[in-house]
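In the text below, chain A, chain B and the rest are named by the order of the sequence lines, each starting its count at 1.
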Amino acid sequence: MQMPSQSSEQHSSLWLDAWIKLRKNRMALFGFTVLLVLCVVSLLTPWIAPYSYETQDLMLGATPPSAAHWLGTDIFGRDMLTRIMYGGRVSLMVGFIATAVALVIGILWGSIAGFVGGRVDAVMMRIVDIMYALPFMIFIVLLMVVFGRNILLLFVAIGAVEWLTMARIVRSQVMALRKQEFVEAAYSMGLSRWAIIRRHIIPNTLGPVIVYTTLTIPSVMLLEAFLSFLGLGIQPPQSSWGLLINYGVETMEEYPWLLIFPGITLSLTLFALNFLGDGLRDALDPRASKD
Amino acid sequence: MALLEVNNLKVSFHTRNGVVKAVDDISFSVNRGETLAIVGESGSGKSVTCYSLLDLLPKPPAVIEGGIAKFDNEDLLTCNAERMRQLRGNHIAMIFQDPMTSLNPFLTIGEQLIEPLIYHPDKTQRLSRKTAQVEAIDLLNEVGIINPTSRFNSYPHEFSGGMRQRVMIAMALINKPRLLICDEPTTALDVTIQAQILKLIKQLQKTRDVAVIFISHDLGVVAGIADKVLVMREGKTQDQNTTQEVFYNSTSDYTKKLLSAIPSGAKIKPSGAQQGSPLIAVNQLKTYFKDFSDSKNKLVKAVDDVSFGIQKGEIFGLVGESGSGKSTLGRSILQLAPITAGSVIYSGTDLGALKASQILPWRPKMQMIFQDPYASLNPRMTVYETLAEPLLYHAIANKQTVTKQVQQLMDDVGLARSSALKYPHEFSGGQRQRIAIGRAIASQPEFIVADEPVSALDVTIQAQILELILSLVDKRNLTMLFISHDLSVVRSICDRVAVMQQGKLVELADTEELWARPQMPYTQELLNAIPTADPKN
C-alpha cells in the first residue's frame, strides 16, 4: 500500500492528482505545450530573432512571405516574424501578469466578502460597484497623468479592472459553499476562519475561476491592444499582437499577410488556453472521470 | 389477465467503464386494485425498473436489452413515443420522492392541477376552465386538503411537505389513471405525515380501483400497504411473494437480512451513564431567527426555552418532526448557531459567554456528525487529508506519526486502509458516513452531536452504522446527543429521550419508560405513527 509522503500537508494531493490527470489529457497537454513554446520563444527573442524589430527598410516595403522573410514584411519593410516574436513578449506578459493580478485580488476579495458576509460584504461589494461605475478610460488617463507612462502601469490598470468580475464570481461561489455542511464541519473542528477559507472554500471555487481566467487572458491581450492603439499603452516601434492585428486590419486588402499571421498566432494562443483551461478544470475536480 | 404484466425485463447502462446490468431478468404482474411493492437498497434497480416502463430513462446510456411489459395487452417497451405520451399521465401516473422539487414554484397548484384537463392531447376530451376547476377542487378535497376552494389559488411554497405530497397525488390522479407508480413517496416526510400519506394512498386505491406499484427501500413501510412484494438486489429478484409470505415464511437470506436490519426493540445494553452533575447543562436556551419570508420580520422561535442535562457517558436522544428545532438545538449547543438567550454549560464553562476566539480550544472536545454524508465531506479532499486535518491542526499528531494515526482511525471506523487516497465521491453513502464519523472522533472529543446520522442511509447500512456508533461510544467513553426523526432508531440506541415540538421540549424520560408510558398526546401520536414491519398490524 502506498501512503502519501510526509509533506502531504504542504503538497495537497489535489494538485498532485490534478497534474497526473492533466498529463493524461491530450488536448490539455497540447495546449500546455503550445503555451510553453510560445513563452520560451518570447523569452529568447532578443537572441534568436532573425532581424531587428525597429530597423525600417522603406525600399523593401510590404512583401509577401519569402525565403528571406518567412512571414513577409510590413509596409516599413520590417520582418513580420521578428515583430510577432517581439509582440508576443508584450502580449503574453500583459496577458499573464495582469490576469494573475486580477486573479489574486479577485479571489481574496471575493472569498473574504462572501465568507464573512454581513456588513463587511456590503462595504466590500459597494467598493466593487463603484469601481465598475468608474469610466475605464478616465481611470487609465488619471493613472497615466499621475504616474507617467509606464508598462507596469498597464498591468496595474488592466488588473484593476479585471479583478472586479472575478471577485463577484468568487463571492457568489463562496456564499453557496459557506452553507455547505463540510464547512460547518470545519467550523466545529475548531479551524480558524482563514484556514477554512484557504483549505475548504477556495479549492472548491476553482472550476468557474479557471474557466473565467482562460477567458480573461485573451480579453486582457485585446484590451492592451486597444490602449496601445490610443497611445496609452506601449509605444511604436514596440509592438504587440493586438497592435499588429489592428494595423493588419487597415491594410487587409492589399497586404493580407500582415493580418493573417498575427491573427493565427493569437488564435493559436487562445485555443491552447482554452484546451488547457478545460483540462485544468477537469483535473482539479476529483469527481470528473479519471480517464 | 393482469393489468400490467412484465416478463424478463432487462435494462443495462452502457458507461465508459463498461456495461452495468441495472435490471436483470425481472418479471412481475399487477392487477387492478392491487399493490405491488418493489423493495431494495439504493442501486438495486427498483426505480430503473419502473422508469423503463414509462420510457423515462436517459437513452443512452440506458438500453432496454429485452423483455415484454404488457399494459392492457399493449407492449410498453415497443410502443412509439406519441403513444407513450398518451399513456403517461392518462393511464399510468407517477408520484416522486421529493414533493419540494416536483411542483413548479411559479404556478398556483390549481393551475398545475387543471393543466392536463384543459390542454388534454385529445381535443374532444378537453374541459373548459370552469368544469376543470370544479373537478380539481373535488379531487383536492378527496386527497385531504382542507379548504380546497381557497387553497386552489395557493402557490406550492405555501404548503408543508406533507400537503405538497397530497397535491402531487391529486395531480397524479387527475386524469384517472389505471396504474399509479409511487417512487419512495414518503421517504422525505416525517413519520406522522408518512402514516397519513400511506393511509391516503391505500384509501384512494380502494375507491378508485387503481393498481399501485410502490417503490421503497424500507420493508417496514411496505408491510401495511402491499399485497405482493418483490425484493430486488443488484438488478436481480431476491424474493417475490405475497406480503404475508415475504414477512413470515421467506426462504430468502437477503429478505431475512433486510427484516433483521429494521431497528426494533429496546437498547440491548445501556451505556455507562455516570451520576452526578451533567457534562452538559442546557438552561432555558432560546435560539430565535428572523423570518425573512415574513414582511414583518417575525421571529422564528426555533428553540424556545429548553432546559435539560446530559450525563457523561450516556446517549441522549432528541426526537421531533422536521421544523421542530431539534437540529438547531444541536447546533446551538455546539455554538454553531447563535444563541438568543439562556446558557449552555459544558463541564462548568458557559460556552455562550465565550468570545469567538475563546471558543476555538473547546471545539475539538465537541464534534458533530452530519446527516448528509454527501454534503458533509469536502469533495476535493482525499480521505487521508480529511482525517489528517484535525489531527495535524490540533497537534494530536505530528508529520511523522500522522500516517499511522490516520490508518488507526480508518481501522476504527471500518474503512479499508487502501482507500486512503480516494475522494469522497468514490465511496457509497455508508462508507462516506464512516469517513465523517472518523473525522468527528479524530480530535478525540468527549461529546458528539449526531444529527440524523443514519437518515440518508439504506436500512442494512443504517444497522451497521448504528453498531459502529454504539461501539465507538463504548470504546472511547463518549457522550452523545443523538438527533433523529426515526423513533425506532432512537429506541435502539438511546438511554434517555427528549421529544421536541415547535421549539419546545414536551417530554423527557428514560427510553423504555417513554415507550411504555408516554405522557403527552404528541408523544403518543409519534409512537403510533411508527410503521411496523408486520403486515398483520
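- Across P364(B), P379(B), P445(B), the residue that shares the most heavy-atom pairs under 4.5 angstrom with chain A is P379(B).
- For the set Q335(B), M381(B), K422(B), the entry with the most heavy-atom pairs within less than 4.5 Å of chain A is M381(B).
- Checking D451(B) against S327(B) by side-chain atom types alone, a donor-acceptor pair falls below 3.5 Å.
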Practice item. Given side-chain contact (heavy atoms from CB on, under 4.5 Å), test I465(B) with I437(B) step by step and report yes or no. Key: CA-CA 9 Å; I465(B) 296 292; I437(B) 290 172; 3.9 Å; yes
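- In this structure, Y423(B) and L377(B) have side chains that are not in contact, with every pair of non-hydrogen atoms separated by 4.5 Å or more.
- Residues from residues 177-191 of chain A that place a non-hydrogen atom less than 4.5 Å from a non-hydrogen atom of chain B comprise Q180(A), E181(A), F182(A), E184(A), A185(A), Y187(A), S188(A), M189(A), G190(A), L191(A), given in numerical order.
- For the pair I469(B) and M480(B), the minimum side-chain heavy-atom distance is below 4.5 Å.
- Evaluation of the side-chain hydrogen bond (donor to acceptor under 3.5 Å, both in side chains) test over residues 431-440 of chain B, restricted to residues two or more places apart or in two chains, returns S428(B)-Q431(B).
- T287(B) and S332(B) form a side-chain donor-acceptor contact under 3.5 Å, judged by distance and modelled atom types alone.
- Taking N378(B), L360(B), T386(B) one by one and counting their heavy-atom pairs under 4.5 Å with chain A, the maximum is reached by N378(B).
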Exercise for review: Check step by step if side-chain contact (heavy atoms from CB on, under 4.5 Å) holds for L351(B) and M366(B).
Suggested key: CA-CA 11 Å; L351(B) 295 178; M366(B) 311 177 296; 3.6 Å; yes
